[in-house]
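Heads up, the thing below is written out as structure tokens.
To find a chain, count down the sequence lines: A is the first, B the second, and so on, and within it residues start at 1. Every value quoted in this text rests on a predicted model; they were computed, and no experiment measured them.
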Amino acid sequence: MKRNFENDKKDMVVVEGSYAVADAVKACRPNVISAYPITPQTHIVEDISQFIADGEIPNCEYLNVESEFSAISALVGSSAAGARSYSATTSQGLELMHEVLFNVSGMRLPVVMTVVNRAVSAPINIWNDHQDSISQRDTGWIQLHAEDTQEASDMTAQAFKIAEDPDILLPVLACLDGFILSHVYEPVVLLDEDLVAEYLPPFEPKFKLDPKNPKTFGAFADPNSYTEFRYLQQQAMNKALKVIEDAADEFYDLFGRHYGGLIDTYETEDADIILMAMGSIVGTIKDVVDKLRAQGVKVGVLKVRSFRPFPAEAIKNAIKGAKVVVALDKNISLGLNEGALFTETKGSLYNTNVNIPIIGFMIGHGGRDIPMSTMEAIVDEAKKVIDSGITVESQFTDLKEELL
Amino acid sequence: MKEIRIHGRGGQGSVTAAELLAVAAFADGKFSQAFPAFGVERRGAPVQAFTRINDDPIRLRAQVYEPDYVIVQDPTLLEVVSVESGAKDDGVILINSDFEPEHFDLNTNAKIMTVNATKIALDIIGRPIVNTVLLGAFAGASGLIDPESIKNAVMERFPGKVGEKNAEAIQKAYDMMTEA
């Protein structure tokens, strides 16, 4: 992370995280926004609705739809017609979109959607974890996770930049933790519209729906050509690895804020223990790292910003000097007893020359709070792995045995 | 870093108070963070909200477990919520009550202070809305924050007559705590 907080301070205002994201959406000048309100995404679409009512987003159609399925379906049409298109959702709303998410990515439509990460039902739970977006892993969307509200705001502009790159043309899920970031008030610099205009050129797709020049999107592909469509989507994901880094660097040049590209690291260079995680938990871990470093524990944190494309090479390079790696997951693949970050990190290292013990902790499900003490206990478990090897590979954190 | 936990009931403006405190602290040149203990809020149910104030940017996202300051908007909460939970030994628990601090037998080493915020609110604002009044009292009790910053934050959120009345009540509560 490269940020000059003292320099930013004069431009900062204390606003809700949702407002910061909504304001960033406004600065990106979308042409079509569709949304269906659902907790804890609601404040974002309410704030955007207010901007529209006040005439602050010119040349933009705001669609009130009857479900999330319609919200994303409407954007298939608008994006194909060449309109910069945006939505926001969470949890069951995102799951209801699942089918259409494949259509958006398959048609190579650079839609940007904010996901305010929330647990999935049943049992019903409105609080934060990452099960909703992780469950969209294979839909062909780029998936980015923000650590704080400033990053969530800035990531919105970066997401459009990445998505609309002619070499990419993939949709992006820009994720922030529900309530923890969407409902927190903290100082942020709201995006300057002129700077955003400089950063993000107008969306001018090479191919679009136009009655004067008829084309078809998402048409029939028989066994003769379907494979090649999938291959090209993967090629775009491969190219996105660099484009995500470039988008972060260009953002830094203009705005002076950088949160890492694919990943970010904090105190990892000489670390024996590296904790890896996504989203707001990274902030808490940094405080734990400072506390434990003061006690002589060589610990660091690896933030994964991009879950898709998965930055295997960047992760490998960041952790290769460690003695143990701990993957923290606010999600689980039921039946495997592992979170996605753990599974994928292990998998991506298997055929490499990096052979470090990795353990996984599933944590913060359904909004369970993550105090520093929980994180310190996890570091203690990691120390045991250094001394005597892995005993439990992947486990739930802070499990309440008395409730079972 | 200073951590503040506000106890109230749904509808009493605990979350708003935490937010206004964060706005005021930032105006004072500090970094700040405010968030609720997110529940399925309904009017009358016990709620909590948190504010952190720090010289450096705040990264911690956990709830507040060991508050430096506790603000209790509604004394009837003492029967159902352990408001003193985790309060630091050198901390302060500020309760909206017409009783003296000695009246409260809490399991804590933190200093207990009281202010009759309901009376101040009724006298000046005309309604028993105590969240902003307690922020004035908090500024007086803690010395952590400029009462002018709190008044400005409140008047920005509630422009016009409502904000002015609140500012007057904030000053009154601040004066009572600093003169005590």
Under the side chain to side chain contact (heavy atoms under 4.5 Å, CB included) criterion, do B/Y65 and A/M372 qualify, and how do the steps go?
CA-CA 10 Å; B/Y65 294 96; A/M372 288 175 74; over 6 Å; no

For the pair A/K9 and B/F26, evaluate side chain to side chain contact (heavy atoms under 4.5 Å, CB included) and give the outcome as yes or no after the intermediate values.
CA-CA 9 Å; A/K9 214 168 177 182; B/F26 183 72; 3.8 Å; yes

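Of the atoms belonging to A/I285, not a single heavy atom falls under 4.5 Å from chain B. Neither the backbone nor the side chain of A/E16 comes within less than 4.5 Å of any heavy atom of chain B. Of the atoms belonging to A/D290, it is side-chain heavy atoms, and not backbone ones, that fall under 4.5 Å from chain B. When heavy atoms are compared at a cutoff of 4.5 Å, A/M375 does not approach chain B at all.
At most 12 heavy atoms of other shown residues, nucleotides or ligands fall within 6.0 angstrom of atom CD1 in A/I124. Within 6.0 Å of CD in A/E56 there are more than 12 heavy atoms belonging to other residues, nucleotides or ligands. Residue-environment remark: CG (B/N107) stays at or below the threshold of 12 foreign heavy atoms within 6.0 Å. With a 6.0 Å radius and a threshold of 12 heavy atoms from other residues, nucleotides or ligands, A/E269 has its CD atom at or below the threshold. Counting heavy-atom neighbours within 6.0 Å of A/K10 NZ, excluding the residue itself, gives a total above 12. Few gaps surround CG on A/D54; more than 12 heavy atoms of other groups in view lie less than 6.0 Å from it. Heavy atoms from other residues, nucleotides or ligands lying under 6.0 Å from NZ of A/K286 number more than 12. Remark: B/K119 NZ is loosely packed, at most 12 non-hydrogen atoms of other residues, nucleotides or ligands lying under 6.0 Å away.
Of the inter-residue distances, the one linking A/Y185 atom OH with B/L20 atom CG reads 8.5 Å to the nearest 0.5 angstrom.
Counting heavy-atom pairs under 4.5 Å between each of A/P40, A/S373, A/G17, A/G283 and chain B puts A/G283 at the top. Top candidate by heavy-atom pairs under 4.5 Å with chain A, chosen from B/A22, B/A25, B/A153, B/A34, is B/A34.
Exactly one of A/I370, A/I180, A/N128 qualifies for a side-chain contact (heavy atoms from CB on, under 4.5 Å) with B/R61. That residue is A/I180.
Closest non-hydrogen pair, A/P371 versus B/A62, comes out as CA-CB, 3.8 Å. Considering all non-hydrogen atoms of both residues, A/D369 and B/Q63 come closest at OD2-N, 2.9 Å.
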